[in-house]
Amino acid sequence: MKISLRARFLIRSLRLKPHPEGGFYREIYRSPSKVIAVQGTRDALTQIYFLLNRGEISRWHQVLSDESWIYLEGAPLALYRLDTNLKNLKKTKISPLKLKGTPTAMIPRKEWQAAESLGDYSLVTCLVAPGFLFKDFRFLDENDLSKNKNLTKNQLLKRFI
């Protein structure tokens, strides 16, 4: 995969590391405040930088907390969403307003999500509340797909699985 000079600079200067879903990330904030959530006691809020390069795709995954995506720089980012029943595929373009996108998007807890850069790279920040823990994160798998007979892999953007 070819990484642009700017993306290389951002990965180095922001000290990003590979993310299990694809792309690069670094946690930049973890709230010292605690909240009682459905999944137990959690930090009130966490925030990361997240960068996807051209050709990198974040795998379909689910987080047990609400997640806010905010555009920072680079190409627009396509954010794909599916409800918890794997229906109603939606695509949001996260970008500056001047590019006719929206600079922010929300993913409600337990909704499925995947993302891809629509250019050389996309840099966003993601805020999760209650705070993110990897134990509250999971990838979509064949068992999830088998629960929905109306959904084919192609409809689910097979390349994201």
Side-chain angles (χ1 to χ4, degrees), residues 1 3-4 6-7 10-11 14 16-29 31 37-39 42 44-134 136-141 144-145 147-148 150-161:
M1 163 186 20
I3 300 176
S4 72
R6 178 67 180 165
L10 291 168
I11 291 166
L14 297 174
L16 306 180
K17 59 185 179 181
H19 195 291
E21 75 188 53
F24 295 84
Y25 83 108
R26 181 171 64 92
E27 184 175 285
I28 56 176
Y29 181 76
S31 174
V38 174
Q39 59 272 53
R42 295 289 183 269
L45 177 77
T46 54
Q47 182 179 11
I48 65 168
Y49 288 129
F50 184 66
L51 184 141
L52 281 174
N53 286 296
R54 179 185 299 276
E56 277 188 304
I57 299 165
S58 118
R59 288 179 53 197
W60 279 103
H61 64 281
Q62 183 185 63
V63 177
L64 296 182
S65 296
D66 293 337
E67 184 169 4
S68 175
W69 290 66
I70 303 167
Y71 172 85
L72 294 178
E73 79 166 69
L77 181 98
L79 183 60
Y80 302 98
R81 297 174 44 196
L82 275 168
D83 62 24
T84 57
N85 297 317
L86 300 176
K87 297 182 181 181
N88 304 318
L89 178 63
K90 296 177 185 171
K91 177 182 174 183
T92 302
K93 184 172 111 176
I94 302 172
S95 68
L97 290 172
K98 67 182 180 183
L99 296 180
K100 299 187 177 163
T102 178
T104 67
M106 282 297 304
I107 305 291
R109 70 183 299 270
K110 290 190 172 183
E111 278 199 358
W112 295 100
Q113 57 182 302
E116 70 178 319
S117 178
L118 298 177
D120 284 342
Y121 72 94
S122 301
L123 177 66
V124 298
T125 187
C126 297
L127 295 103
V128 177
F132 179 84
L133 290 175
F134 271 103
D136 296 337
F137 171 93
R138 74 183 190 95
F139 291 119
L140 187 71
D141 62 25
D144 297 305
L145 291 175
K147 295 174 190 171
N148 189 334
N150 298 322
L151 187 67
T152 67
K153 285 184 183 180
N154 286 336
Q155 290 169 313
L156 190 57
L157 306 170
K158 182 178 177 182
R159 63 191 173 137
F160 290 119
I161 296 174

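- The salt bridge (charged side-chain N to carboxylate O under 4.0 Å, His left out) check on R6 picks up E73, with sequence neighbours excluded.
- Taking CG of L140 as the reference point, atom CG of L82 lies at 8.0 Å (rounded to 0.5 Å).
- The main-chain N or O of L99 is found under 3.5 Å from a side-chain atom of K93 such that the two form a donor-acceptor pair.
- The OG1 atom of T104 sits 13.5 Å away from the OH atom of Y71 when rounded to the nearest 0.5 Å.
- Shown here for A115 and L77, the closest heavy-atom pair between the two residues is CB-CD2, 4.0 Å.
- Checked by atom type and distance alone, the side chain of Q39 never pairs as donor or acceptor with a backbone atom of D136 at under 3.5 Å.
- Between W69 and F50, the ring planes lie perpendicular to each other; the angle is over 60°, past the 30° to 60° tilted range.
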Inset, instruction - Show the numbers, then the answer: is there a side-chain contact (heavy atoms from CB on, under 4.5 Å) between V63 and I107? - result: CA-CA 9 Å; V63 177; I107 305 291; over 6 Å; no
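- Using a 4.5 Å cut-off on side-chain heavy atoms (C-beta onward), Y49 and L72 make contact.
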Inset, instruction - Apply the test side chain to side chain donor-acceptor pair (under 3.5 Å) to residues Y121 and E56: give CA-CA distance (whole Å), side-chain angles for both, the deciding distance (0.1 Å), then the verdict. - result: CA-CA 9 Å; Y121 72 94; E56 277 188 304; over 6 Å; no
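- Between the side chains of T125 and Q47, at least one donor-acceptor pair of N or O atoms lies under 3.5 Å.
- One distance of note links CD of E116 with CG of L79; it measures 10.5 Å at 0.5 Å rounding.
- Closest approach of A75 to S122, counting heavy atoms only: O-OG, 2.8 Å.
- Considering only heavy atoms from C-beta on, L64 comes within 4.5 Å of K110 through its side chain.
- Between N53 and A7, the closest heavy-atom pair is OD1-CB, 3.2 Å.
- The two atoms that bring I94 and P103 nearest to each other are CG2-O, 3.6 Å, heavy atoms only.
- Remark: E111 pairs with R81 by the salt bridge (charged side-chain N to carboxylate O under 4.0 Å, His left out) rule, at least two apart or across chains.
- In this structure, CD1 on I11 lies 13.0 Å from CZ on R26, to the nearest 0.5 angstrom.
- Among residues two or more places apart in sequence or in another chain, the salt bridge (charged side-chain N to carboxylate O under 4.0 Å, His left out) test is passed with D120 by R54.
- Residues Q113 and H61 form a side-chain contact, since some pair of their non-hydrogen atoms from C-beta on lies under 4.5 Å apart.
- Donor-acceptor pairing under 3.5 Å is lacking for the side chains of Q62 and T84.
- Partner of L14 under the side chain to side chain contact (heavy atoms under 4.5 Å, CB included) criterion, out of I28, L51, L123: L123 alone.
- Using a 4.5 Å cut-off on side-chain heavy atoms (C-beta onward), F132 and E27 make no contact.
- Between F134 and H19, the distance from one ring center to the other falls under 6.0 angstrom.
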